[in-house]
Amino acid sequence: MPRLLRILAMSSAVGFVAAITWFGIYTLVNAYMVRGLGCSDAEWTSATLWLTGGMVVWQLLAAPMATKLGRVGAMTLALLVGGAAYAVIAVTRSPLVIGMMLGCMGLTQAMISVVFIPLIADVGGDPPGRAIAAYEWLVTAVSVAASGSGGSLIDRGVYAPVFLAIAGLSMASAGLFFMLCRDPALLSKAADSRPAIGLHNVTRADLKLLGWPFLAVLVLGISAEPFYYHMVNQLFPNLARQDYGMGEARIATIVALGRLPSLLSLVLVAHRIDRGNTIAIYGMGIVASGTMAIAMAWAPGAAWGVGLYLAYYLCHGVVWGANCAAANAAVPPRLRELAFTLICLGQAGFAYVAGWLHQQMLERGCSIRAVYTVSGSIALVGGVCLLIYAMASPRKPIVGSATGSD
């Protein structure tokens, strides 16, 4: 199989599990808990805290696991865990057990973010931003297909078979990924087993290289965006049920097809990200996405709400394509995994804070519209500050190329 096709097949296999252990949770598992088990909004947000909390813990362990097991071994294990977690959800009715399985899926998300995306930048060649954006395009395309096909079955209450099918496909994806990565022309044994630099083995010299503009990306962007995207992922189905009066089939269709506009923005970002100011592009994406998220909650009707949901994903596609590329461009190649560990910890940590904020507001009787407004405003502040920094910065935020040395 040609190298490019191997990379695309590898990305598609990982992309399926990435999509189903993130977007699938906020659509299919959400419907199972809220509609199938009759859980409250607060119980649902409590379950999602297991996911974000688990991601924080697993991201601390991702680099050491990659060093010990190799990048391919660690990624294969993470994909298998994601499938096994869905198999357990298929046979349980306990919200606590479901929450624990979401915590296990945190390993899958952590390993994809910390290990696989830097791996894609390595094997994808130069320019790195285009390879990363192409992977994000694949994840989005797979999520559209997976969520759409599963949504109609979930609407009819067919929970266990859907989750078991997801488990089987996830494990098949793990096998496909492992076989494709055995080609030494794609990934040499030395590259696979090279020690991953993470928080467990970082040196003072390494930390000195993680200055500005990386800190701007981390502090102003990565920490801000979870407040709006976690809110939309977590609470859009609830908003659609309560304020738009939609049924599960329509919600699942909108959630799946709503990501289609992001495919367009991801293509545009892939063509521009390596030639422009990546931080400015990232900041503009956050500002636009946060604005659309707030407007979505105050839509005067279902038609307006759906339109703003589509506009939100058109804007958020820019963030998907730019956030990892901005972090990657801001550090030397050998520090990719350390940088991605830090940005993933920032995303997961602040997603946990955002989820906690949502839960507290809902338990105190706040409306979902109020949750959208408060969380979206927090994200807007960070995005505006990041955009101001990027426009005022006199130099391009690029420390090293994808294929260069330190």
Tell me whether the rings of Tyr159 and Tyr32 are parallel (<30°), tilted (30 to 60°) or perpendicular (>60°). tilted

Please determine whether the number of non-hydrogen atoms from other residues, nucleotides or ligands lying under 6.0 Å from atom CH2 of Trp356 exceeds 12. no

State, yes or no, whether a side-chain contact exists between Glu225 and Ser289 at a heavy-atom distance under 4.5 Å. no

Given the rule in the side chain to side chain contact (heavy atoms under 4.5 Å, CB included) test, do Phe227 and Val353 qualify, once you have shown the distances and angles that lead to the verdict? CA-CA 8 Å; Phe227 282 93; Val353 173; 4.1 Å; yes

Any side-chain heavy-atom pair from Asn323 and Ile343 closer than 4.5 angstrom? no

How many angstroms lie between CE in Met231 and CE in Met296, if you round to the nearest 0.5 Å? 7.5 Å

Measure the shortest side-chain to side-chain distance between Ile166 and Leu28 over non-hydrogen atoms and say whether it is less than 4.5 angstrom. yes

Does a side chain donor of either Ser265 or Trp320 reach within less than 3.5 Å of an acceptor in the other side chain? no

Does anything in residues 366-385 pair up under ring-ring contact (aromatic ring centres under 6.0 Å, His included), and if so which pairs, sequence neighbours excluded? none

Does any part of the side chain of Tyr244, heavy atoms only, come nearer than 4.5 Å to the side chain of Phe236, both counted from C-beta? yes

Indicate yes or no for a side-chain donor-acceptor contact from Thr76 to the backbone of Gly175 under 3.5 Å, with no hydrogens or angles considered. no

Which label fits Tyr313 and Tyr309: parallel for a plane angle under 30°, tilted from 30 to 60°, or perpendicular past 60°? perpendicular

Got a sec: does the OH of Tyr229 have more than 12 other heavy atoms crowding it under 6.0 Å? yes

Please tell me if the side chains of Leu79 and Phe178 come closer than 4.5 Å, counting only heavy atoms from C-beta onward. no

Would you list the pairs meeting side-chain hydrogen bond (donor to acceptor under 3.5 Å, both in side chains) in which at least one residue belongs to residues 97-109, sequence neighbours left out? Thr21-Gln109

For the CE atom of Met65 and the CE atom of Met75, what is their distance to the nearest 0.5 Å? 10.5 Å

Per the side chain to side chain contact (heavy atoms under 4.5 Å, CB included) rule, which among Val319, Leu314, Val318 passes with His316? Val319

How many angstroms lie between CH2 in Trp44 and CG in Leu362, if you round to the nearest 0.5 Å? 13.0 Å

Donor-acceptor under 3.5 Å (Arg369 side chain, Ala297 main chain): yes

For Tyr86 and Met105, run side chain to side chain contact (heavy atoms under 4.5 Å, CB included): C-alpha distance rounded to whole Å, both residues' side-chain angles, the deciding distance at 0.1 Å, then the answer. CA-CA 9 Å; Tyr86 263 103; Met105 292 184 200; 3.5 Å; yes

To the closest 0.5 Å, what do you measure between OH (Tyr26) and CG (Leu102)? 8.0 Å

Asn30 and Ile25, any side-chain heavy atoms less than 4.5 Å apart: no

For atom CE of Met171, is the number of surrounding heavy atoms from other residues, nucleotides or ligands below 6.0 Å larger than 12? yes

I'd like to check Tyr312 versus Pro261 (side-chain heavy atoms, cut-off strictly below 4.5 Å). Are they in contact? no

Side chain to side chain contact (heavy atoms under 4.5 Å, CB included), that's the test. Do Leu37 and Glu43 meet it? Break it down for me. CA-CA 11 Å; Leu37 301 180; Glu43 287 177 312; over 6 Å; no

If you apply the rule side chain to side chain contact (heavy atoms under 4.5 Å, CB included), what do you find for Leu176 with Leu180, and how did you get there? CA-CA 6 Å; Leu176 176 61; Leu180 290 171; 3.9 Å; yes

For residues Ser170 and Gly83, report the shortest heavy-atom separation together with the two atoms involved. CB-CA, 3.6 Å

Straight-line distance of Ile89 CD1 to Met101 CE, nearest 0.5 Å: 7.5 Å

Plane angle bin for Trp22 and His230 - parallel if under 30°, tilted between 30 and 60°, otherwise perpendicular: tilted

Residue pair Ile20 / Leu169, side-chain heavy-atom distance below 4.5 Å: no

Say whether, by atom type as modelled, one donor and one acceptor occur between the side chain of Thr52 and the main chain of Leu49 under 3.5 angstrom. yes

Backbone of Gly103 reached by a side-chain donor or acceptor of Trp58 within 3.5 Å: yes

If you round to the nearest 0.5 Å, how far is CG of Leu387 from CG of Leu220? 11.0 Å

